[in-house]
Amino acid sequence: MKKILHIISSPRGDASISTQLGYAIVEKIKEANPGSTVNETNLVKKQLPHLEEAQLVSFFTPADTRTAEHLEAIKNSDDAISDLMEADIIVIDTPLYNFGIPSGLKAWVDHIARAGVTFSYDANGPKGLVEGKKVYVALASGGIYSDGPMQGYDFVAPYLKSVLGFLGMKDLTVFRAEGTSYPDLKNQALQKAIDSVTL
Ligand SMILES: Cc1cc2nc3c(=O)[nH]c(=O)nc-3n(C[C@H](O)[C@H](O)[C@H](O)COP(=O)(O)O)c2cc1C
């Protein structure tokens, strides 16, 4: 039995390829781990704000001296980190937008990456504090980035591996529904991606 955190970031609702792929991954995890629970976070329906001054001031105020205003300013971050820490498995659905991730997902990353809470520095350098998690990424892209002439533009998978790995989530697997903009590939892209899912 696993606790699954399912992060959805495409605005396309049920039509979203990354979301459909993410649900397929969640179903496979549930089949393999009967009794698993799912905490679904839809970053489009419940958008996290961009980082702002009050939040950054609060981040850098020692926890035992934070005022009610400070606590309010970091509530979104505290809640997102609490959901993350509780999960055994994180499934992140993301479309590829302008060679990056959608801004809603970037906001989530900004809220969970917190010095002293999800990472720290000591004499040996940085240390990720979000340990013992398995991460699956359901990535949908109009083009093809795993191979071929656009491979050098494959920034999303390395970025998520780097930033989540920095926070301690080093066990990350990416499943790709690629070529959704190609007329001859788009109809098979999702099924091909679902078929590629192995846990
Ligand atoms: C705003 C926007 C930007 C996009 N940028 C890219 C891009 O840079 N590269 C690419 O291959 N596809 C790009 N696409 C295509 C999407 O990655 C593709 O349609 C994907 O399947 C969308 O995923 P979804 O169905 O989960 O929303 C873009 C689509 C939109 C709407």
Side-chain angles (χ1 to χ4, degrees), residues 2 4-32 36 38-51 76 80 83-84 87 89-113 133-167 169 171-199:
K2 301 286 182 190
I4 305 165
L5 174 63
H6 184 195
I7 306 283
I8 293 169
S9 69
S10 169
R12 294 203 321 121
D14 292 344
S16 160
I17 304 281
S18 61
T19 307
Q20 292 179 69
L21 178 56
Y23 276 126
I25 297 169
V26 167
E27 280 313 306
K28 290 196 185 195
I29 296 168
K30 284 164 72 181
E31 270 168 33
S36 292
V38 183
N39 178 4
E40 186 174 295
T41 295
N42 188 316
L43 297 172
V44 178
K45 289 186 180 156
K46 188 169 179 274
Q47 300 197 356
L48 290 167
H50 289 178
L51 294 182
N76 285 317
D83 285 350
L84 182 64
I89 301 177
I90 300 114
V91 178
I92 301 174
D93 312 345
T94 181
L96 196 142
Y97 275 3
N98 303 316
F99 303 110
I101 56 176
S103 56
L105 182 58
K106 177 58 166 58
W108 179 78
V109 170
D110 289 339
H111 282 263
I112 62 159
K133 315 288 182 195
K134 173 71 203 177
V135 182
Y136 296 105
V137 174
L139 171 59
S141 59
I144 294 171
Y145 297 89
S146 62
D147 199 9
M150 295 302 284
Q151 207 174 10
Y153 292 79
D154 184 25
F155 305 122
V156 166
Y159 170 67
L160 290 175
K161 272 183 194 158
S162 300
V163 69
L164 298 180
F166 179 81
L167 301 180
M169 292 169 271
D171 187 358
L172 181 149
T173 306
V174 179
F175 298 111
R176 297 170 189 259
E178 297 190 284
T180 63
S181 297
Y182 286 70
D184 53 334
L185 297 180
K186 67 177 180 192
N187 293 331
Q188 294 94 49
L190 175 60
Q191 192 54 51
K192 212 173 143 195
I194 291 172
D195 292 345
S196 77
V197 174
T198 50
L199 302 179

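The figures that follow rest on heavy atoms only: side chains count, while hydrogens, waters and symmetry mates do not. One-based numbering, in listed order, for ligands and for the atoms of each. FYI, the numbering just counts along the sequence from 1.
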Spacing of S10 atom OG and L43 atom CG [to the nearest 0.5 Å]
11.0 Å
Once you round to the nearest 0.5 Å, how far does CH2 of W108 lie from OG1 of T41?
8.5 Å
Ion pair present between K30 and E27, side-chain N to carboxylate O less than 4.0 angstrom?
yes
Does any part of the side chain of Y145, heavy atoms only, come nearer than 4.5 Å to the side chain of L139, both counted from C-beta?
no
Working for side-chain hydrogen bond (donor to acceptor under 3.5 Å, both in side chains), residues K134 and T173:
CA-CA 8 Å; K134 173 71 203 177; T173 306; 2.7 Å; yes
What does the list of residues with a heavy atom under 4.0 Å from ligand 1 look like, ordered by chain and number?
S10, R12, S16, I17, S18, P95, L96, Y97, N98, F99, A140, S141, G142, G143, Y145, T180
Decide whether D93 and H6 meet the rule of one side-chain donor and one side-chain acceptor closer than 3.5 Å.
yes
